[in-house]
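Structure first, commentary second.
Note that ligands are numbered from 1 as they come in the structure, with each ligand's atoms numbered from 1 the same way.
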Amino acid sequence: MTAIPPRDGEDLEAARRLFAGPVTFLKSAPGLQHLPPPDAPEVAFAGRSNVGKSSLLNALANRTGLARTSNTPGRTQELNFFDVGEPLRLRLVDMPGYGFAKAPPAVVRQWRFLINDYLRGRQALKRALVLIDARHGVKDVDRDILDMLDKAAVGYRLVLTKADKIKASELAAVTQGTADEARRRPAAHPEIIATSSEGGLGIPELRAAVLDAIG
Ligand code: GDP
């Protein structure tokens with residue numbers, strides 16, 4: 001299994017300190033014309049709806065209510081930007097969830113256009129973190145965005161969520177399977193981060209991965 005390599009304690013501490021400081025909502029962008037000026041490096045979070053993205057963003061920033069869920073198909077076609085650090089160090093970008101069972105085709109099309117335009121045209125975007133439910137592993141709905149990231153040559157990392165919901169042996173197996181998927185993909189980072197917003201597993205490593213992404 002591909003484990004998270006031991007990290008320099010200093011990396012973890014620098015990342016902890018960064019996220020203990022200001023993290024503030026900047027704006028929602030329903031289209032590219034609404035993006036903020038590209039004046040800070042961006043790290044984007046993607047994942048199917050209900051994967052635990054809002055919970056993970058809140059855990060990352062060590063606060064509640066920063067990222068809100070809006071699990072209504074058709075009402076989530078926005079990129080949400082959060083400023084991190086004072087002075088500003090980076091921006092977190094909460095990408096609209098995908099994979100709604102009942103999403104109308106027009107909504108899916110709109111999602112694809114928004115995401116593709118953002119991924120292909122945004123110089124400030126340094127890396128994406130793609131969240132995968134640890135109970136399910138990588139599914140075809142996830143592969144759709146992985147393909148988009150590979151084609152746009154945006155580097156990304158796969159992050160397992162809700163690790164507390166499965167046994168350690170199952171987590172080891174899904175981590176292995178996810179690492180196998182990552183190895184086959186040109187823009188994927190080979191190491192998988194397993195997280196739980198409930199228990200806090202992997203949150204320090206995820207913070208360090210965000211900081212690492214902006215180099
Ligand atoms: P989003 O739609 O991707 O933003 O997902 P949410 O963050 O709203 O989470 C969806 C559901 O999963 C909620 O009921 C959360 O309480 C639950 N959830 C999220 N993260 C975790 C986790 O790490 N562990 C457990 N057990 N439940 C979680």
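- Remark: R122 does not engage D117 in a salt bridge, criterion side-chain N to carboxylate O under 4.0 Å.
- Shown in contact with S196 at under 4.0 Å from a heavy atom are these atoms of ligand 1, numbered in order with element: 23 (O).
- Between G52 and ligand 1, an N or O atom pair is found at a separation short of 3.5 Å.
- For the pair K53 and D94, the salt-bridge criterion is met [side-chain N within less than 4.0 Å of a carboxylate O].
- One finds a salt bridge joining D144 and R112 here, because a Lys/Arg side-chain nitrogen approaches an Asp/Glu carboxylate oxygen to under 4.0 Å.
- Between K53, R48, K162, it is K162 that holds the heavy atom closest to atom 18 (N) of ligand 1.
- Side-chain contact, S28 with N80: a donor N or O sits under 3.5 Å from an acceptor N or O.
- Within the 4.5 Å cutoff, no side-chain heavy atoms of V141 are placed close to those of H136.
- Taking a cutoff of 4.0 Å between a charged side-chain nitrogen and a carboxylate oxygen, R143 and E181 qualify as a salt bridge.
- In the vicinity of N50, heavy-atom distances shorter than 4.0 Å reach the ligand 1 atoms 1 (P), 2 (O), 3 (O), 5 (O), 10 (C), 11 (C).
- In this structure, of L201, L56, D164, the residue bringing a heavy atom nearest to atom 24 (N) of ligand 1 is D164.
- Checked by distance only, ligand 1 and S49 stay at 3.5 Å or farther apart across all their nitrogen or oxygen atoms.
- Note: no N/O pair closer than 3.5 Å links T195 and ligand 1 by distance alone.
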